[in-house]
Amino acid sequence: MRDKLSCFSENAVNVSHPSCSSYANTDCVSPSLSPSVQIAVTSLYKITLSTTKKQFLVTVAWCKNHYAQGLSIKFGDEPSTSFRLNTNSRLFRKKKGCKVFESPESSKMEIIWDLSRAKYDATGPEPVDGFYILVMVDSEIGLIIGDMGEEAMTKKFKTSTPVSKVSLISRQEHYSGSSTLYSTKAQFSDTGISHNIVIRCSGENEGLKHPVLSVSIDTKTVIRVKRLQWNFRGNQTIFVDGLLVDLMWDVHDWFFNNPSSRYAVFMFRTRSGMDSRLWLEEKSVQKEQEKVEFSLLIYACKSS
């Protein structure tokens with residue numbers, strides 16, 4: 001029985017176990033294809049203070065277009081606790097600094113940043129290295145972003161400074177371009193590893209009679225949807241790092257909407273609590289119930 005279920009155990013995922021997938025054990029992308037450009041990324045974090053157990057939602061968004069490139073940080077839904085920075089403006093040169101807010105609940109929020117040496121990838125709005133952003137909440141270290149974050153934290157704060165618990169709840173990515181190839185990375189749990197995700201729609205220009213949607217994780221194809229114009233909406237469960245992940249797609253507008261608004265949506269969503277794994281040891285039930293759902297949403301704008 002254990003052998004039959006090995007495909008669905010802790011590390012036996014479509015991604016890592018060839019026998020778990022009915023698809024060819026190859027990536028769905030030709031090296032000659034160029035992916036669409038990522039124009040915006042929004043991450044939602046939940047911060048739980050270690051001292052009072054109060055919880056806060058922090059939204060971090062990066063955007064990029066032909067005219068500007070910027071960062072915004074927002075605490076909850078309060079406009080008064082939002083922060084914006086144009087990282088590509090010749091007029092705005094304050095690429096390092098500090099800003100303090102106070103929430104309606106009288107909590108003190110502080111943002112410390114240094115983007116003066118940040119390096120950016122040509123295909124996305126987020127810096128890849130040479131930067132840090134620190135978010136403090138009520139004198140606790142709440143959020144650390146960037147490859148230089150740990151070093152900055154060590155220099156600026158005492159070792160006794162309390163550190164909050166942080167969970168990434170969701171990540172939204174917006175893409176634009178004529179290519180229907182989308183490439184990204186995702187970590188499906190706080191303790192998991194980062195996975196390479198590739199989504200591709202193949203069409204008539206590649207000799208296919210009907211469009212085909214393929215999704216691969218770490219070069220392994222996990223789903224392939226044929227006759228996509230008739231199967232434009234759907235979902236399928238996949239297994240990543242021992243977790244059940246629901247993969248959903250909606251490409252209706254690619255085929256049946258105005259060319260100026262051809263958006264498709266792809267979502268990867270983990271299951272929380274008791275539904276997150278196929279079986280549980282009794283001692284791990286409580287830990288599983290405390291786990292937080294994570295969702296990755298990809299909005300793909302297809303231009304003619």
Side-chain angles (χ1 to χ4, degrees), residues 7-8 13-41 123-124 170-188 194-241 243-271 294-304:
C7 286
F8 310 111
V13 180
N14 294 37
V15 175
S16 59
H17 200 298
S19 64
C20 294
S21 175
S22 60
Y23 307 113
N25 190 21
T26 56
D27 199 351
C28 57
V29 179
S30 168
S32 61
L33 292 175
S34 297
S36 281
V37 177
Q38 190 183 76
I39 58 174
V41 176
T123 59
S170 70
R171 180 177 168 91
Q172 297 182 13
E173 302 182 0
H174 293 253
Y175 292 81
S176 180
S178 57
S179 170
T180 52
L181 171 63
Y182 311 96
S183 178
T184 188
K185 292 178 180 288
Q187 182 177 325
F188 292 97
S194 179
H195 295 279
N196 294 307
I197 298 175
V198 175
I199 300 171
R200 183 192 175 198
C201 179
S202 308
E204 295 179 357
N205 57 341
E206 298 169 72
L208 298 175
K209 186 176 181 180
H210 301 284
V212 175
L213 173 68
S214 300
V215 179
S216 70
I217 299 180
D218 296 338
T219 74
K220 307 296 193 315
T221 301
V222 294
I223 71 162
R224 181 175 290 120
V225 183
K226 298 180 179 180
R227 298 181 179 271
L228 188 59
Q229 71 272 39
W230 308 124
N231 297 296
F232 48 79
R233 292 191 185 104
N235 65 85
Q236 185 166 323
T237 301
I238 59 177
F239 302 91
V240 184
D241 296 337
L243 294 172
L244 292 173
V245 178
D246 294 315
L247 167 56
M248 290 157 270
W249 67 91
D250 184 345
V251 298
H252 173 274
D253 289 359
W254 274 1
F255 300 103
F256 306 108
N257 209 342
N258 189 299
S260 62
S261 58
R262 290 181 175 176
Y263 265 96
V265 180
F266 305 93
M267 182 168 71
F268 298 79
R269 185 179 63 192
T270 63
R271 299 184 188 180
F294 166 76
S295 61
L296 168 66
L297 285 88
I298 296 176
Y299 295 89
C301 180
K302 178 183 175 184
S303 58
S304 301

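Residue numbers count from 1 along this sequence.
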Self-check item: Matching residue for Ile223 among Leu247, Ile199, Ile217 - test: side chain to side chain contact (heavy atoms under 4.5 Å, CB included)
Solution: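 Option passing the side chain to side chain contact (heavy atoms under 4.5 Å, CB included) with Ile223: Leu247.
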
Do [X] and [Y] have side chains that get closer than 4.5 Å, going by heavy atoms?
X	Y	answer
Cys301	His174	no
Thr180	Trp254	yes
Thr219	Asn196	no
Phe294	Val245	no
Ser176	Val37	no
Val251	Cys201	no
Gln236	Val225	no

Practice problem: Indicate whether the side chain of Thr237 and that of Arg271 have a donor and an acceptor atom separated by less than 3.5 Å. | Solution: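 Per modelled atom types, Thr237 and Arg271 side chains form a pair under 3.5 Å.
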
Calculate, to the nearest 0.5 Å, the distance between atoms [atom1] and [atom2] belonging to [X] and [Y] respectively.
X	Y	atom1	atom2	value
Leu296	Phe188	CG	CZ	6.5 Å
Arg227	Phe232	CZ	CZ	15.0 Å
Thr270	Asp241	OG1	CG	11.0 Å
Ser36	Lys302	OG	NZ	10.0 Å
Glu173	Ile197	CD	CD1	8.0 Å
Trp249	Asn231	CH2	CG	7.5 Å

Quiz item: Where do Tyr175 and Thr184 land on the side chain to side chain contact (heavy atoms under 4.5 Å, CB included) test, with the steps shown first?
Solution: CA-CA 11 Å; Tyr175 292 81; Thr184 188; 3.4 Å; yes

Quiz item: Counting distance only, does the side-chain N/O of Ser194 pair as donor-acceptor with the main-chain N or O of Gln187 below 3.5 Å?
Solution: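 Side chain of Ser194 to backbone of Gln187, a donor-acceptor pair under 3.5 Å: no, none is there.
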
Exercise. Give a yes or no on whether the backbone of His252 and the side-chain of Asp250 come within a donor-acceptor separation of less than 3.5 Å.
Key: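 Yes.
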
Practice problem: Give the C-alpha distance, both sets of side-chain angles, the deciding distance and a yes or no for side chain to side chain contact (heavy atoms under 4.5 Å, CB included) between Asp246 and Asn235. | Solution: CA-CA 7 Å; Asp246 294 315; Asn235 65 85; 5.9 Å; no

Exercise. Check the angle between the aromatic planes of Phe256 and Trp230 and answer parallel, tilted or perpendicular using the 30° and 60° thresholds.
Key: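 Ring orientation of Phe256 relative to Trp230: tilted.
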
Practice problem: Would you sort out whether His210 and Lys226 count as a side chain to side chain contact (heavy atoms under 4.5 Å, CB included), showing the intermediate values? | Solution: CA-CA 7 Å; His210 301 284; Lys226 298 180 179 180; over 6 Å; no

Practice problem: Please report the C-alpha distance between Val222 and Val240 in whole Å, then the side-chain angles of each, then the deciding distance to 0.1 Å, and finally whether the side chain to side chain contact (heavy atoms under 4.5 Å, CB included) criterion is met. | Solution: CA-CA 10 Å; Val222 294; Val240 184; over 6 Å; no

